[in-house]
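Order of the sequence lines sets the chain letters (A, B, ...), proteins ahead of strands, with each chain counted from 1.
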2 protein chains.
Amino acid sequence: MITMKQIAERTGVSVSTVSLVLNGRDKGRVKSEIARKVRNTAKTLGYRPNPMARSLRTSKTGMLGFISQEVATTPYAGAIIQGAQDAAAERGYVLLTVSTDGGVREAEQIQALKRYGVDGFLFAKMYDQDVDLPQALRSCPAVVVNAVERADRCPSIAPDEFLIGYDATRHLIESGCRRVAYLGTTQDLPAQEDRMRGYQAALKEAGLPAGQSLIRLVGFNQDAMDQANDLMDDQHPDGVFCFNDSRSIYLYQAAAARHLSIGRDLNLVGVDNHQVIAETMAPPLSTIELPHYEMGFWAVRRLLAQINPRRVALPLPETRAVLPPLDQAGGVRIHCALIRKGSTRLDAASAPASTSR
Amino acid sequence: MITMKQIAERTGVSVSTVSLVLNGRDKGRVKSEIARKVRNTAKTLGYRPNPMARSLRTSKTGMLGFISQEVATTPYAGAIIQGAQDAAAERGYVLLTVSTDGGVREAEQIQALKRYGVDGFLFAKMYDQDVDLPQALRSCPAVVVNAVERADRCPSIAPDEFLIGYDATRHLIESGCRRVAYLGTTQDLPAQEDRMRGYQAALKEAGLPAGQSLIRLVGFNQDAMDQANDLMDDQHPDGVFCFNDSRSIYLYQAAAARHLSIGRDLNLVGVDNHQVIAETMAPPLSTIELPHYEMGFWAVRRLLAQINPRRVALPLPETRAVLPPLDQAGGVRIHCALIRKGSTRLDAASAPASTSR
DNA sequence: TTGAAAGCGCTAACAT
DNA sequence: ATGTTAGCGCTTTCAA
């Protein structure tokens, strides 16, 4: 590892000059001739600053703490981390990741991250829920990922659950479905409520029937199977929006038993909770993929904007893809829109106002 | 953050004394009276060393670089990271994670990790394969995770694929199956070959039929469905070991079409590649869970042993659980054994000699 | 416009 | 047995 000292010696100047130049603070303070020389030798020697040494003076490490819960038990951690990483790398930041069970260990881990001098925190959950930012994080730059901070103590990046339900239902309607059912979950999740409201809003807007009997909240196994069968016999839906695609498996079975062909007699859209279903069931099932990668990505951008306000905001990417019509959509993964909260900057370019929380 | 200097002032000694005491190097160099005092004030003040400052002198940061590929696309990253994290936390280490696509960016990311002074590297893959340790890592302490280093340039921790096939097949045999088939994959993976050999070894050992026609390598969708149907009609297996559980879905359908009940007429064991199948199909399907958490965990322990040989080795956990018989095994997740390579210490207590690579 | 010097928190060689 | 000093790589006054 080559140091400023070496550059200074090689160029015949002092370390402070090198520091000035290499930090871009040389305008009008260092002769441009010298500055050029310094930059040159730095380049040829392949100089890279030592972030540790730097942090000793600046108390900025270029590291972000990524705290996640339930990491080991869900398949989404990778995508969130990847997104976070990409946004971090863009700005030369790096991720210090810890995962906790939310207990005592959490406080310990946060302390550890603080000792290492991280410049800010990502607090990620593995499914959308309402959370309280841990006490130890309240006074630090932080962003909540894939969840919503209850008291708005910091910005949150979460999926737009309402829009998911709305989009999925519009998708079915535009594909010609007229009796659209909703297969939801009995679990008490914000996502359940909001997706259902999106579903209802889309039906209402289209002037289609939206009776309670088109809505079934189910668990797993026999219960789910029974309800899927009942839904088919009772309502004869021609489209079903499934809370997630592991629910859709029951509809496959129910449909098969009635000699109905999925993709022709019955269309399905499910929020992807496991790739394998789409992989094996494709093409008739359309899946909506939760924007895990994007949440990680935007959370970091949001956090960096908070840490380093002077820097120019990076452009916003497209946040909402148009759903392709069903007949060519088989198994296609669809990115849905994001909610962004707590940031005037980001809100400006944000997804259409939608919802609830 | 409270510093050594403050402790020194408070106790009325010099910083070096504090350093000696707090690093446990005070035996015979510092009067125990003073040492006690120092330790006391450190404790009451809640002193925690600043790893950055320390690293400036020692070039040991207490950080490990975790490099992973294909992180975003598989559901296993979380578990591996979690395991790595737990083993790291145990020793006060922390993980600096980056993910790469294996291209130019990889070298860059590795450089970044080096600048941050990580003490060693984990190089993780998301499915078992043969890899070459990146050039930039060859001269550093490193451990390959969920893959095997081709030239044995560093230790590797990977699933024991042979044992997986062997265990799964034994499981079926012990549950009473006599015609055990194998539903493998057409993909060219080390795991495919090795699991199949394990399967064959178990059949041979038990003196059961092991003809080639009991073995079907399949892809997805129609091909898989056709082969599953053909297997059923042609061979009438009473047990099937599936390369992974997303394959087993075809057997469910084939069995249903023949009014055979899975769990009674036909037993299945599949290597878990997605929890949802087990969740929705349970109980008749037994899944074997790949030891992702354990691999992460052991990789870090292995790496730390390499970095810090003087420390006492931590005890080895049980690496291989006994499979419960099928009638009470519905949906149970079974941890399989691990291969550990490149470490005499760990090899001593390793899983039964098994295999191949 | 440049350099010398101090100091971030810590460790380690060298004096007492 | 303890303190003094130097220095890790860098930033930042402060002088020149």
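Mapped onto DNA chain C by nearest heavy atom, B:N50 and A:K31 fall at different nucleotides, with A:K31 at the one closer to the 5' end. Of the two residues near DNA chain C, B:R29 and B:P51, the one whose nearest nucleotide lies more 5' is B:P51. Residues B:L56 and B:V30 both approach DNA chain D. Their nearest nucleotides, taken by heavy-atom distance, put B:V30 toward the 5′ side.
A donor-acceptor contact under 3.5 angstrom links the side chains of A:S14 and A:T17, judged on distance only.
Residues A:M63 and B:L96 have side chains in contact (heavy-atom distance under 4.5 Å, counting atoms from C-beta outward).
Residue B:S16 is classed as a base contact, given a heavy-atom separation below 4.0 Å to a base. Backbone-only engagement by B:I34 is indicated by non-hydrogen atom pairs under 4.0 Å involving sugar-phosphate atoms exclusively. Among the heavy atoms of the strands lying under 4.0 Å from B:R54 are primed sugar atoms or P, OP1, OP2 only; no base atom is included.
Among all heavy-atom pairs drawn from A:E70 and A:M126, the shortest one is OE1-N, 3.2 Å.
The number of heavy atoms from other shown groups lying within 6.0 Å of CZ (A:R25) does not exceed 12.
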Practice task
List the steps and the verdict of side-chain hydrogen bond (donor to acceptor under 3.5 Å, both in side chains) for A:T100 and A:Q109.
Solution key: CA-CA 8 Å; A:T100 74; A:Q109 297 279 35; over 6 Å; no

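Taking a cutoff of 4.0 Å between a charged side-chain nitrogen and a carboxylate oxygen, B:D132 and B:R150 qualify as a salt bridge.
Applying the side-chain contact (heavy atoms from CB on, under 4.5 Å) test between B:Y47 and each of B:R39, B:M4, B:M1 identifies B:M4 as the sole match.
Chain A approaches DNA chain C over the interval C:dT1 to C:dC8, counting the first and last nucleotide 5' to 3' with an atom under 4.0 Å from its heavy atoms. Once you apply a 4.0 Å limit to the heavy atoms of chain A, the touched nucleotides of DNA chain D run 5' to 3' over D:dG9 to D:dT12.
At distances below 3.5 Å, at least one donor-acceptor pair connects side-chain atoms of A:Q85 with backbone N or O atoms of B:S99.
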